[in-house]
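Here's the structure we're looking at; comments come further down.
Predicted, not measured: the structure shown is a model, and the values here were computed from it. Order of the sequence lines fixes the chain letters, A, B, ..., with proteins taken first and strands second; residue numbering starts at 1 for each chain.
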Amino acid sequence: MAHWLMKSEPDTFSIDDLAARPRQTESWDGVRNYQARNFMRAMRKGDTALFYHSNCEQPAIVGLMRVVTEAYPDPTQFDRKHDHYDPKSKPEEPRWSLVDVQFERKLKRAITLTELRAHVDALAGFALLMKGSRLSVMPVRAEHFAHLLKLEKSKTAA
DNA sequence: GCCAACGTTGGC
DNA sequence: GCCAACGTTGGC
């Protein structure tokens with residue numbers, strides 16, 4: 001199973017919001033970047049995704065989610081009244097996709113961006129740490145994922 | 001709130 | 001197809 005990381009602004013939708021949803025499941029709508037969309041289309045049911053809080057006081061990886069559907073068209077692209085409405089997308093040829101994700105657990109402690117940067121050696125090539133990277137959905141290599149779980153267990157924030 | 005980095009748009 | 005202008009992301 002593949003691993004991913006997905007960003008959300010906690011003021012808009014946080015890990016606690018996900019945990020509070022019916023069946024603790026939510027559609028990850030609003031992605032309007034082709035690269036991020038393509039990663040979602042590459043997701044398979046059962047994949048694991050890290051939940052990352054972005055654009056906030058403490059940017060950090062905060063939890064784990066399960067991908068519970070394959071990618072399907074994002075309905076908000078066809079909704080005129082919606083912020084993410086895309087007039088150029090046609091129902092017969094949808095431009096934007098999403099997957100449903102289910103809450104799995106919060107990390108025992110948040111792993112902050114600052115801490116992640118202190119581990120650039122072990123995390124070399126991790127898209128989140130690349131300069132100028134703004135992707136909201138990105139793949140995580142198995143060895144990076146394992147290292148992150150090891151960090152979670154470690155007592156001290158390096 | 002600032003601004004660097006990036007993606008998209010549209011004129012030519 | 002180039003590239004300037006514009007909008008967005010997201011850390012700080």
Applying side chain to side chain contact (heavy atoms under 4.5 Å, CB included), can you list everything that pairs with [X], at least two apart in sequence or on another chain?
{"X": "Ser27(A)", "value": "Tyr72(A), Leu98(A), Asp100(A)"}
{"X": "Ala42(A)", "value": "Trp4(A)"}
{"X": "Phe78(A)", "value": "Ser89(A), Pro91(A), Pro94(A)"}

Return the polar atom pairs (N/O with N/O) between nucleotides 1-5 of chain C and the protein under 3.5 Å, or none.
none

Nearest-angstrom distance from the residue atom [atom1] of [X] to [atom2] of [N]:
{"X": "Gln35(A)", "N": "dT9(C)", "atom1": "CD", "atom2": "P", "value": "15 Å"}
{"X": "Met130(A)", "N": "dT9(C)", "atom1": "CE", "atom2": "C1'", "value": "18 Å"}
{"X": "Arg37(A)", "N": "dT8(B)", "atom1": "CZ", "atom2": "P", "value": "10 Å"}
{"X": "Asn33(A)", "N": "dT9(B)", "atom1": "CG", "atom2": "P", "value": "11 Å"}

Ring centre gap for His53(A) and Phe51(A) strictly below 6.0 Å: yes

Arg141(A): partners by salt bridge (Lys or Arg N to Asp or Glu O under 4.0 Å), with sequence neighbours left out: Glu143(A)

Nearest-nucleotide 5' precedence on DNA chain B, Lys88(A) against Lys131(A): Lys131(A)

Atom pairs, protein N/O to nucleotides 10-12 of chain C N/O, distance under 3.5 Å:
{"unit_1": "dG10(C)", "atom_1": "OP1", "unit_2": "Lys7(A)", "atom_2": "NZ", "d": "2.8"}
{"unit_1": "dG10(C)", "atom_1": "OP1", "unit_2": "Arg134(A)", "atom_2": "O", "d": "2.7"}
{"unit_1": "dG11(C)", "atom_1": "OP1", "unit_2": "Tyr52(A)", "atom_2": "OH", "d": "2.8"}
{"unit_1": "dG11(C)", "atom_1": "OP2", "unit_2": "Asn55(A)", "atom_2": "N", "d": "2.8"}
{"unit_1": "dC12(C)", "atom_1": "OP1", "unit_2": "Arg117(A)", "atom_2": "NH1", "d": "3.0"}

Asn55(A): partners by side chain to side chain donor-acceptor pair (under 3.5 Å), with sequence neighbours left out: Glu9(A)

For Phe13(A), ring pair (Phe, Tyr, Trp, His ring centres under 6.0 Å) partners two or more places apart: none

Non-neighbouring partners of Tyr34(A) that pass ring pair (Phe, Tyr, Trp, His ring centres under 6.0 Å), sequence neighbours left out: Trp96(A)

